[in-house]
Amino acid sequence: MDFKVLDEKVEEFRDFGVELLSKLIELKAISPDSGGEGELKKAEYLERFLDGFEVERIDVKDERAYGGVRPNVIARIRGEKRRTIWVVSHLDVVPEGDEKLWKTPPFRAVVREGKIFGRGSEDNGQSLVASLMAGRAILELGLKPKFSLALAFVADEETGSEFGIQELIRRGIFEKDSLIVVPDGGTPEGNLIEIAEKSILWLKFSVFGRQTHASSPHKGLNANRLAMKFILEVDRKLRETFTAENTLFTPPRSTFEPTKREKNVDNVNTIPGVDVSYMDCRVLPEYSLEEVVNLVEVVKKEFEKDGARIEVEIVQENSSPPTPEDSEVVKKLKESLRITRGISAGVYGMGGNTCGAFFRKAGFHTAVWSTVDNTAHQPNEYCRIENLVNDAKVFAVLPFV
Ligand SMILES: [Zn+2]
């Protein structure tokens with residue numbers, strides 16, 4: 001296989017890519033959860049460019065959205081093998097945020113200095129268009145890749161993936177032996193592949209004492225003081241116990257951070273009877289979240305001996321097994337990067353969750369990769385046209401290696 005031909009073909013799609021991405025930015029696809037109308041207009045527009053692909057649209061009902069559905073578009077190219085490499089990108093974007101911080105209109109693309117500015121340009125328009133450029137290049141050359149290639153343009157990534165990836169997984173759209181690439185995160189050099197994520201656990205602590213006047217503390221039980229002691233003790237015990245280090249991650253350890261604190265009383269001279277606070281835990285895959293919760297329970301019991309009552313509630317939890325570094329999808333991605341860009345890529349882990357976690361949880365080996373300056377969700381979000389084209393080259397080669 002002469003990869004140079006493929007490379008040159010993708011190059012020919014450069015202007016097409018810039019134009020398409022610019023147009024997509026104007027088709028504001030914000031989730032109803034964030035006050036928008038959903039992704040239907042964008043999906044329908046995209047479908048015009050899918051000639052030659054086997055196309056399937058999976059509409060998931062959502063009365064709140066324009067057209068009453070959240071669309072997911074799948075475009076396939078059959079390869080010699082039935083086994084499929086998926087490139088999964090998302091149609092939806094986040095709102096513009098504070099418009100005053102934007103130098104250009106957020107939903108009108110501005111091309112300047114080799115960049116395309118606009119909401120959704122990097123997240124996730126760049127990868128979406130790059131994957132489409134790759135597919136079109138393969139089709140135009142009339143090539144049959146070794147593996148089948150499927151592009152998925154999914155809904156609802158920014159607000160939970162209920163109408164997107166999660167639903168597609170439930171419906172069995174992804175064949176068991178699928179190789180999944182999620183190009184929705186990465187580094188400016190494009191030389192790192194994300195293969196693992198820390199588990200996320202959000203805990204809510206409600207400490208109940210007895211409210212009273214501040215001049216007579218003996219008549220009450222100060223929930224504020226108890227909460228502070230409790231949180232510090234939980235914090236200490238967790239950090240002392242979960243000490244494993246994993247150099248895939250920065251920082252290499254699990255983190256346990258007391259964060260939000262709810263307002264207790266309105267005035268200074270009242271001893272609060274209730275205190276509510278939260279902790280953000282990011283736990284290495286070496287540990288189960290159950291172990292963390294169990295330890296918190298032990299500390300809680302210790303504190304309740306003094307007459308207080310403490311409630312520990314899990315507000316959010318999410319964990320997924322890492323994708324092995326020697327898994328096929330990672331090896332193929334590395335090989336494509338080497339062939340197209342001479343990059344010898346490494347692997348890393350992330351402190352937060354991407355939608356790759358849904359795939360990993362469902363048992364799919366998943367590589368999260370793209371070449372981005374990380375301007376997602378920020379004012380003046382942009383995509384570098386170089387990254388758009390170079391990532392397209394990687395996707396084009398992927399089903400051939
Ligand atoms: Zn994204």
Side-chain angles (χ1 to χ4, degrees), residues 17 20-21 24-36 38-39 42-43 46 60 70-74 86-97 106-107 109 115-132 151-169 180-188 190 192-198 200 318 320 333 348-361 364 366-384 387-388 391-392 394-395:
L20 178 58
L21 181 46
L24 293 181
I25 289 167
E26 288 171 23
L27 298 168
K28 200 168 166 178
I30 294 173
S31 157
D33 285 307
S34 305
E39 304 88 352
K42 195 166 173 178
L46 257 181
V60 183
R70 311 295 295 279
N72 296 275
V73 181
I74 292 166
W86 289 82
V87 181
V88 182
S89 56
H90 62 88
L91 292 159
D92 59 317
V93 303
V94 294
E96 66 275 27
F107 293 100
K115 298 170 184 164
I116 305 169
F117 289 86
R119 175 55 86 226
S121 52
E122 180 184 285
D123 181 16
N124 198 203
Q126 176 187 315
S127 296
L128 189 154
V129 173
S131 69
L132 183 57
L151 315 181
F153 312 129
V154 302
D156 193 32
E157 192 277 336
E158 299 290 0
T159 48
S161 294
E162 254 316 307
F163 300 93
I165 290 165
Q166 295 210 62
E167 181 61 23
L168 298 183
I169 290 174
I180 312 270
V181 177
V182 178
D184 193 17
T187 58
L192 287 173
I193 301 167
E194 191 254 272
I195 56 165
E197 291 169 14
K198 284 181 184 171
I200 291 188
N318 206 351
S320 60
L333 195 48
Y348 75 113
M350 268 224 335
N353 282 171
T354 70
C355 55
F358 295 117
F359 286 109
R360 291 188 184 128
K361 214 189 253 179
F364 298 103
T366 303
V368 176
W369 170 87
S370 61
T371 312
V372 286
D373 282 1
N374 286 308
T375 62
H377 298 210
Q378 293 175 41
N380 306 306
E381 176 181 353
Y382 65 83
C383 128
R384 283 185 191 278
N387 293 342
L388 171 71
D391 284 10
V394 175
F395 297 141

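Index from 1, following the sequence. First listed ligand is number 1; within each ligand, the first listed atom is number 1.
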Short N/O/S contact of E158 with the Zn ion (ligand 1) (below 2.8 Å): no
Checking only N/O/S atoms, does E157 have one that is under 2.8 Å from the Zn ion (ligand 1)? no
So which of the N, O or S atoms of D123 lies nearest the Zn ion (ligand 1)? OD1
Donor + acceptor pair across side chains of E197, T354 (<3.5 Å): yes
Test applied, side-chain contact (heavy atoms from CB on, under 4.5 Å); reference residue, T371; option that passes from T187, L192, D391: D391
Applying the side-chain contact (heavy atoms from CB on, under 4.5 Å) criterion to H90, which one of D123, N72, L128 satisfies it? D123
Checking only N/O/S atoms, does H90 have one that is under 2.8 Å from the Zn ion (ligand 1)? yes
Quick one: does S34's side chain get under 4.5 Å of V94's, heavy atoms only? no
